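Step one of this worksheet: look at the structure below.
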Amino acid sequence: MASGSFATRLLQWFSEHGRHDLPWQHPRTPYRVWVSEVMLQQTQVSTVIPYFQRFLQRFPDLYSLAGAEQDEVLALWAGLGYYARGRNLHKAAQLMAQNGIPEDQAGWAALPGIGPSTAAAIIAQAYNQPAVILDGNVKRVMARHAGVDTPLEHKSTLDQLWAAARERACDQHPADYTQAIMDLGASVCRRSQPECERCPVAEDCYARLHHLQQDLPVRVRKKALPERNRVFLWLENPQGEVLLEQRPPSGIWGGLYSLPVVMTADEIECSAQKWGLQLAAQPQRISHFGHRFTHFKLNAEVHYAPVSSSSAVSESQIRFVDPHDLADPEISIALPKPLSRLFQQTYADKAKLL
DNA sequence: AAGGCGGGGTC
DNA sequence: GACCCAGCCTT
């Protein structure tokens, strides 16, 4: 028989092996917990930490964030992905600066960018009040411990996992308990090669007892991703600056800056003219990269062309930028990861030649 | 090359 | 509610 309840064993394990040194735990304010929880959506702790540090240095409190320009918020978010998170964080900050910080879970869940699990995490972490979370780590722990063997994509499966999470939670030490269950999923009950011999709840774990650790949780097989081919334009003016275009406020890379994108190379000339730019030479294909999105794979070719100085680049969505500034890690322009990689590599290649 | 991962918007 | 969208890191 199991020695003590699930929660008791988990809390005991946490006191010895859990993470007590995460940046958002000291000090553990609602603002810092909220920012960290939004960053942690879809993103692992080790990735989040440097972003969190930089973000909090620039925006130490709600009001500095609420008063910021969206461009600056996104610049600090650049590279984390799912940029709607950054835009929603900014929106929510402005709402809270206006209406005050919510005092209960429903109030938090009503803010943009905060769903049931994130709201629960904030309540438990920041206020040390009982609340049940169900993030990816907890889903995996619950599917294994309770033996939920239907696909995660089914709503009934999600209901079962919520129920399992509720049954195992306790009202004692809510902040520690939620951190503990997430830590367990991240460090011991990993997707592959879980370390059951180190798990405090292994003795009554369904998956371990039936040797199903590798088979739970169950997922439906994904279809092959469709592919999209696009051409990215590296248009350089006589000053050596490159043209960037701000993307529409929502959708892929929403609000971020990118090289202008066209469907095929024969649209380059026409597109340049749209900005009032004359090509000073034939465009050349200089590199390519691939990037996988959730629903398609992007195959990108980068085409370079020098342009004569523009008569009037007055459109607010476009700007010429010194690419050396883009290779700077302290960049203040929000670039998606593949493009910041492109500029960094180009800069590194040039530096090697010198 | 493929797996994993919360929430918003739309109908 | 059902369905679609989104972008990194790890394996």
Side-chain angles (χ1 to χ4, degrees), chain A residues 34-52 74 76-92 95 105 108-122 131-144 151-159 161-162 165 178 182 185-187 189-194 214-228 230 247-258 289-300 334-342:
Chain A
W34 164 56
V35 172
S36 73
E37 285 301 330
V38 174
M39 286 186 170
L40 286 164
Q41 292 167 0
Q42 312 288 73
T43 313
Q44 297 203 345
V45 168
S46 58
T47 303
V48 163
I49 288 175
Y51 283 90
F52 179 83
L74 287 181
L76 285 168
W77 204 273
L80 267 179
Y82 285 108
Y83 299 98
R85 294 184 298 168
R87 297 195 304 270
N88 282 330
L89 193 82
H90 190 214
K91 266 186 239 163
L95 285 168
Q105 192 171 332
W108 277 100
L111 289 167
I114 300 175
S117 189
T118 302
I122 292 169
V132 177
I133 63 164
L134 191 68
D135 72 352
N137 285 321
V138 182
K139 284 178 190 169
R140 186 170 54 254
V141 173
M142 293 304 143
R144 286 176 175 163
L152 282 185
E153 290 79 2
H154 296 181
K155 190 188 177 313
S156 60
T157 304
L158 207 55
D159 293 341
L161 295 173
W162 272 112
T178 51
M182 290 189 288
S187 66
C189 195
R190 296 185 298 240
R191 174 165 67 94
S192 54
Q193 297 171 351
Q214 300 293 351
D215 302 309
L216 296 177
V218 173
R219 286 173 182 283
V220 300
R221 197 180 64 80
K222 276 192 204 156
K223 288 181 289 187
L225 286 184
E227 302 195 8
R228 290 184 200 174
R230 293 291 185 272
R247 310 228 1 130
S250 64
I252 292 165
W253 298 334
L256 272 69
Y257 285 84
S258 166
F289 61 86
H291 190 68
R292 224 185 50 151
F293 290 96
T294 314
H295 280 70
F296 66 93
K297 180 176 184 304
L298 171 68
N299 299 312
L335 291 175
K337 204 70 175 179
L339 290 180
S340 90
R341 211 177 279 134
L342 172 73

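All values derive from a computational prediction rather than experimental measurement. So that the names make sense, note that chain A is the first sequence line, chain B the second, and so on, each numbered from 1.
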Would you say that A:Thr43 contacts A:Arg85 through its side chain, given a criterion of any heavy-atom pair below 4.5 Å between the two side chains? yes

What are the 5'-most and 3'-most nucleotides of DNA chain B lying under 4.0 Å from any heavy atom of chain A? B:dA2 to B:dG8

Between A:Lys155 and A:Lys337, whichever has its closest DNA chain C nucleotide further toward 5' is A:Lys155

The residue, A:Ser192 or A:Tyr82, whose nearest nucleotide of DNA chain C is more 5′ is A:Tyr82

Going 5' to 3' along DNA chain C, between which two nucleotides do contacts with chain A fall, using a heavy-atom cut-off of 4.0 Å? C:dA2 to C:dT11

Categorize [X] for me: base, sugar-phosphate, or nothing, with a 4.0 angstrom heavy-atom threshold over every strand shown.
X	value
A:Arg341	sugar-phosphate
A:Thr47	sugar-phosphate
A:Arg292	base
A:Gly254	nothing
A:Leu111	sugar-phosphate

Applying side chain to side chain donor-acceptor pair (under 3.5 Å), name anything that partners [X], two or more places apart in sequence or on another chain.
X	answer
A:Thr178	A:Gln125
A:Ser250	none
A:Asn299	A:Glu227, A:Asn229, A:Lys297
A:Arg87	none

For the pair A:Gln44 (side chain) and A:Ala186 (backbone), establish whether a donor and an acceptor sit closer than 3.5 Å, ignoring hydrogens and angles. no

In terms of the nearest nucleotide of DNA chain B, which residue is placed more toward the 5' end: A:Gln42 or A:Lys91? A:Gln42

Sticking with atom P, work out how far C:dA6 lies from B:dC11, rounded to a whole angstrom. 15 Å

What distance, rounded to whole Å, do you find between the two P atoms, one in C:dT11 and one in B:dG6? 16 Å

By side chain to side chain contact (heavy atoms under 4.5 Å, CB included) - contacts of A:Gln42 (at least two apart): A:Tyr82

Partners passing salt bridge (Lys or Arg N to Asp or Glu O under 4.0 Å) against A:Asp215 (at least two apart in sequence or in another chain): none

Quick one: list whatever passes salt bridge (Lys or Arg N to Asp or Glu O under 4.0 Å) with A:Arg230, sequence neighbours left out. none

